[in-house]
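What follows is a single structure, written as structure tokens, with notes after it.
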There are 2 protein chains.
Amino acid sequence: MKIAEVLRLKGSAVVTITPETPVSGLVDQLAQHGVGALVVSADGQSLDGIVSERDVVRRLAAHGAGLLDHTVADIMTRSVRTCGLKDTVDELMALMTEQRVRHVPVLEDGKLVGLVSIGDVVKQQIDVLKTERDQLEAYITT
Amino acid sequence: MKIAEVLRLKGSAVVTITPETPVSGLVDQLAQHGVGALVVSADGQSLDGIVSERDVVRRLAAHGAGLLDHTVADIMTRSVRTCGLKDTVDELMALMTEQRVRHVPVLEDGKLVGLVSIGDVVKQQIDVLKTERDQLEAYITT
């Protein structure tokens, strides 16, 4: 299965956050959207970085309370692994495993067109298994 | 594939943390072990709860700096989804998707014998794909 199909099923809407947002605002938005990471983009289309719950937690020990006044730009990952619409889910799983990343932005012509999480990948695999089982059951019972 | 096989490949060592540990200590241990969640256990064998980066980040907005002085018991999830050694990876993937959990402790006779993350599940799938490809290549070239 291609990434384009995963996005077709999950939707291509990507929540972005600006680099200037304080970490306090980031924490609120992660909770509000029920996600573990957000794409960082100044204009909603470019990819400036990615920022995750892990980035927050890892810096919490060092900065303590003061962390909430830092900005997203201070803690985000700038060197982001990305994928394209024509890549396969198998390739994406290999990327996630080898690079130990859990969220991969999807780019087309350099513009952000989606975000795939490790949860999306596993959900898609389960959906395939369920479809196969249903087809088999339908075949057996007819 | 069964969960027992996943643990055989990744190892069954589980890092636990006590409920009385302050959140500051939790944050240090998550970083030290390079993981996103720890099993909470008073004695290293019982399962008292699970605590993740998400539990920290979600409460950070509400408590601010004071959060670091709270304990693991204050923020952990007590009602934990678990699996057994004889469960399959497909069943675990379905559980992770339906319950939106990313770490599932493995119990045998009520005792903690492992922890499987969504990253472990995806890594295992990739390993299976690679083995199949290698076998196919070996078959073609002989």
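Chain letters run A, B, ... following the sequence lines, proteins first, then strands; residues in each count from 1. Just so it is clear, the model here is predicted, and its values are computed rather than measured.
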Out of curiosity, does A/Val40 fall in the hydrophobic cluster containing A/Leu115 (side-chain heavy atoms, cut-off under 4.5 Å, transitive links)?
no
Sidechain N-carboxylate O distance under 4.0 Å for A/Arg59, B/Glu53:
no
Spatial distance of atom OG1 (B/Thr97) from atom NZ (A/Lys123) [nearest 0.5 Å]
7.5 Å
Mind checking whether A/Val72 and A/Leu47 sit in one hydrophobic cluster, side chains of I, L, V, M, F, W, Y counted as touching below 4.5 Å?
no
What part of B/Val35 gets within 4.5 angstrom of chain A, counting heavy atoms only: side chain, backbone, both, or neither?
backbone
Most chain B-contacting option - heavy-atom pairs closer than 4.5 Å, from A/Val27, A/Asp28, A/Val121, A/Leu67:
A/Val27
I need the A/Gln125 CD to B/Gln125 CD distance, nearest 0.5 Å.
4.5 Å
Grouping I, L, V, M, F, W and Y whenever their side-chain heavy atoms are under 4.5 Å apart, do A/Val116 and A/Val15 come out in a common cluster?
no
Is there a continuous path of hydrophobic side-chain contacts, each under 4.5 Å between heavy atoms, that joins A/Leu107 to A/Leu92?
no
Under 4.5 Å, counting heavy-atom pairs only, tell me which of B/Arg58, B/Arg100, B/Arg102, B/Met96 racks up the most with chain A.
B/Arg58
So which of B/Leu30, B/Asp127, B/Leu26 has the largest heavy-atom pair count under 4.5 angstrom toward chain A?
B/Leu30
Can you get from B/Val39 to B/Val106 by hopping between Ile, Leu, Val, Met, Phe, Trp and Tyr side chains that sit under 4.5 Å apart?
no
So which of A/Leu129, A/Leu68, A/Val56, A/Ile118 has the largest heavy-atom pair count under 4.5 angstrom toward chain B?
A/Ile118
